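All figures in this text were calculated on a predicted structure; none of them were measured in a lab. Labels below follow one simple rule: chain letters A, B, ... track the order of the sequence lines, proteins then strands, and each chain is numbered from 1.
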Number of protein chains: 2
Amino acid sequence: MTSSDKTLADRTYRQLRGDIVNGRLAAGSKLKLEGLAQDYAVGMSPLREALARLMGDLLVVSEGQRGFWVAPLSLDELDDVSRVRALIETEALNAAIRNGDAEWEHEVTAAFEALAAVEEHLPHTREPLPPEQLEIWEARNRAFHAALVSAAGSPMLIKLRALLYQQSERYRRVSLNVSRGWRNVHDEHRAIYDATMQRNALRACRMTELHLARTAEEVRKAMAALSRDDDAPGDKA
Amino acid sequence: MTSSDKTLADRTYRQLRGDIVNGRLAAGSKLKLEGLAQDYAVGMSPLREALARLMGDLLVVSEGQRGFWVAPLSLDELDDVSRVRALIETEALNAAIRNGDAEWEHEVTAAFEALAAVEEHLPHTREPLPPEQLEIWEARNRAFHAALVSAAGSPMLIKLRALLYQQSERYRRVSLNVSRGWRNVHDEHRAIYDATMQRNALRACRMTELHLARTAEEVRKAMAALSRDDDAPGDKA
DNA sequence: TGTCAATCTTATTTCGATATTTTTTCGAAC
DNA sequence: GTTCGAAAAAATATCGAAATAAGATTGACA
């Protein structure tokens with residue numbers, strides 16, 4: 001859509017990726033090729049190509065002659081992803097604080113202010129965020145975290161960080177659908193931003209770890225609640 | 001071939017991956033689809049699927065309607081990959097030393113001894129290793145490093161480690177074709193092994209870092225020599 | 001020398017044929 | 001009457017080949 005969609009396979013890859021990350025395609029569900037080909041209006045070849053690429057992003061799994069599934073989510077994997085993400089993200093942030101120049105500071109500031117504009121009047125109530133505002137917040141949150149590490153000077157670190165961020169985002173979306181309102185995520189972002197601008201790498205990394213750990217904890221609660229609901233689905237059969 | 005080749009796309013993926021990692025398909029070279037389809041005796045569909053998956057492994061790059069290339073190698077990327085690999089690998093080794101049980105110790109020991117059996121009568125001369133012995137050494141080196149971290153208890157860490165190992169292997173293969181004989185790589189492996197068995201995580205990680213840094217240094221020299229040769233290819237035009 | 005158009009090469013995609021897995025049906029045994 | 005298993009049927013994944021469309025190249029013309 002927005003960026004380089006030179007081929008149908010490209011476009012389909014991006015669409016599928018979005019639909020998996022935001023949960024429109026449920027975790028663990030079977031991806032029936034014929035249905036997908038219809039929904040996305042493509043033939044088998046570009047579709048399979050897109051799915052093959054998504055395997056590399058750890059968003060899709062496949063089994064021999066049996067087809068493709070959306071990669072499942074689990075509490076164990078949530079822990080795993082969160083911990084590895086903290087490792088990568090702090091390493092990258094540390095490097096960025098060492099290497100970042102004035103332009104980087106400017107970009108981080110712009111990203112932070114854009115994010116702050118959304119976060120400052122976030123509902124403290126327990127009503128769920130309207131979908132389109134959620135999309136805006138997701139986009140700016142992603143942009144802020146990406147901007148922070150953009151000066152790390154390590155393409156590999158940045159690639160891995162993006163991979164792990166995307167994994168985390170899948171989990172986070174689960175919790176946002178169940179969430180009892182927003183914790184003070186904005187304060188956490190501000191703490192990271194301030195420490196970064198002061199070039200206090202140690203503090204910036206600690207704040208990042210805290211931020212990731214709290215997010216993971218929130219997701220963990222939401223997922224635990226969900227799986228309890230699955231076990232005891234109430235009255236309706 | 002050996003493992004799960006349930007589909008043609010699978011087999012082609014593995015074959016291509018091997019041919020890229022061991023350098024049979026040169027870094028940066030164009031992957032002409034028709035030619036590959038002939039060489040690997042497959043149609044377009046499985047071939048493209050395999051290439052799409054290789055993009056996720058960072059072994060292949062593609063550009064819009066222009067096709068596929070073997071991902072290029074560069075000195076900058078070598079540094080980048082080596083550093084990130086050290087980060088991931090030490091983190092994983094540290095966790096493995098914390099978590100590893102007796103079975104893990106046994107597996108590591110078996111892998112080390114298999115590797116040692118090859119390394120102990122490695123030529124100290126400057127003759128290049130015969131290809132089939134090189135393959136054996138590569139396989140056992142890979143198995144040893146994989147065994148070390150296998151008890152890390154973090155699937156994600158292990159996945160990323162495998163990705164980075166594969167990247168490093170591409171670079172290492174370059175240097176082995178130019179190499180002036182083997183440095184005492186066996187002593188380095190033994191040092192890592194001994195520290196690991198003593199559950200001395202700090203020392204094991206330091207030895208690993210040293211091992212990776214030395215390997216990277218060797219590759220760097222080889223690549224620098226190669227690119228000098230490219231610039232001044234001698235008499236022949 | 002630069003630009004445009006015709007042509008050729010190559011990547012991309014569609015579509016239909018084939019092979020595999022899953023489900024259903026039917027029958028026999030317990 | 002129920003359970004188990006085999007065989008047929010349906011659904012689905014995989015693959016190859018031909019059609020399409022995009023990009024690169026060449027050569028004529030200005």
Side-chain angles (χ1 to χ4, degrees), chain A residues 1-20 24-72 237, chain B residues 1-20 24-72 237:
Chain A
M1 292 245 177
T2 153
S3 55
S4 64
D5 285 341
K6 304 273 288 184
T7 74
L8 259 188
D10 242 350
R11 173 167 67 75
T12 309
Y13 165 71
R14 271 183 247 282
Q15 290 179 336
L16 273 168
R17 187 179 59 185
D19 288 343
I20 291 172
R24 200 177 153 292
L25 289 168
S29 63
K30 179 75 193 290
L31 293 167
K32 302 208 183 172
L33 298 182
E34 200 173 353
L36 289 180
Q38 292 227 325
D39 292 350
Y40 295 88
V42 291
M44 283 302 173
S45 304
L47 176 59
R48 290 186 133 264
E49 207 173 311
L51 290 170
R53 285 176 61 183
L54 289 166
M55 289 175 62
D57 294 344
L58 307 183
L59 293 176
V60 163
V61 295
S62 85
E63 204 176 321
Q65 297 261 24
R66 305 204 31 247
F68 299 86
W69 287 261
V70 179
Chain B
M1 293 241 174
T2 153
S3 56
S4 64
D5 285 340
K6 302 274 290 184
T7 74
L8 257 188
D10 242 350
R11 172 167 68 76
T12 309
Y13 165 71
R14 272 182 246 283
Q15 290 180 334
L16 273 167
R17 188 180 58 184
D19 288 342
I20 291 172
R24 199 177 154 292
L25 289 168
S29 63
K30 180 74 192 291
L31 293 167
K32 303 208 181 171
L33 297 181
E34 202 173 350
L36 290 180
Q38 292 226 324
D39 292 349
Y40 294 89
V42 292
M44 281 304 168
S45 308
L47 176 60
R48 291 183 69 87
E49 208 174 313
L51 290 169
R53 286 176 61 183
L54 290 165
M55 289 174 62
D57 295 344
L58 308 182
L59 293 176
V60 163
V61 295
S62 85
E63 204 176 322
Q65 298 263 18
R66 306 208 27 249
F68 299 86
W69 287 261
V70 178

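- Atoms CE (Met44(A)) and P (dA13(D)) sit 7 Å apart, rounded to a whole Å.
- Look at NZ on Lys32(A): it is 8 Å from P on dA13(D), rounded to the nearest Å.
- Ala37(B) and Leu47(B) make their closest contact through N-CD2, 3.7 Å (heavy atoms, listed as atom of the first residue, atom of the second, distance).
- The pair Arg53(A)-Asp10(A) counts as a salt bridge, with a side-chain nitrogen and a carboxylate oxygen less than 4.0 angstrom apart.
- Atom pair Leu33(A):CG and dT18(C):C1' shows a separation of 16 Å (rounding to whole Å applied).
- Distance CD/Glu34(A) to CG/Asp39(A): 11.0 Å, rounded to 0.5 Å.
- Nucleic acid contact class of Ser45(B) (heavy atoms, under 4.0 Å, all strands): base.
- Dashed line: the shortest gap from a side-chain N or O of Lys30(A) to OP1 or OP2 of dA13(D) is under 4.0 Å.
- More than 12 heavy atoms of other residues, nucleotides or ligands lie within 6.0 Å of NZ in Lys30(A), so this atom counts as buried by the packing criterion.
- Put simply, Arg66(A) has no side-chain N or O that comes within less than 4.0 Å of OP1 or OP2 on dT12(D).
- Residue Ala37(B) is classed as having no contact, given no heavy-atom separation below 4.0 Å to the nucleic acid.
- As a whole-Å value, the separation of Leu36(B) CG from dG16(D) P is 14 Å.
- Here the nucleotide nearest the side chain of Thr7(B), chosen from dC15(D), dA11(C), dT22(C), is dC15(D).
- Considering all non-hydrogen atoms of both residues, Tyr40(A) and Arg11(A) come closest at O-NH1, 4.0 Å.
- At whole-Å resolution of the value, CG in Asp10(A) and P in dA22(D) are 14 Å apart.
- In terms of phosphate contacts, Arg48(B) brings a side-chain nitrogen or oxygen within less than 4.0 Å of OP1 or OP2 of dT12(C).
- Checking Gly43(A) against Gln65(A), the closest nucleotide of DNA chain C that is more toward the 5' end is the one next to Gly43(A).
- Regarding Leu51(A), its CG atom lies at a distance of 14 Å from the C1' atom of dT12(D), rounded to whole Å.
- The residue Leu47(B) sits apart from the nucleic acid: no heavy atom pair falls under 4.0 Å.
- Nearest nucleotide to the side chain of Val42(B), out of dT13(C), dT21(C), dG16(D): dG16(D).
- Spacing between atom CG of Leu8(A) and atom C1' of dT13(C) amounts to 7 Å, rounded to whole angstrom units.
- The distance between atom CD of Glu34(B) and atom P of dA17(D), rounded to the nearest whole Å, is 12 Å.
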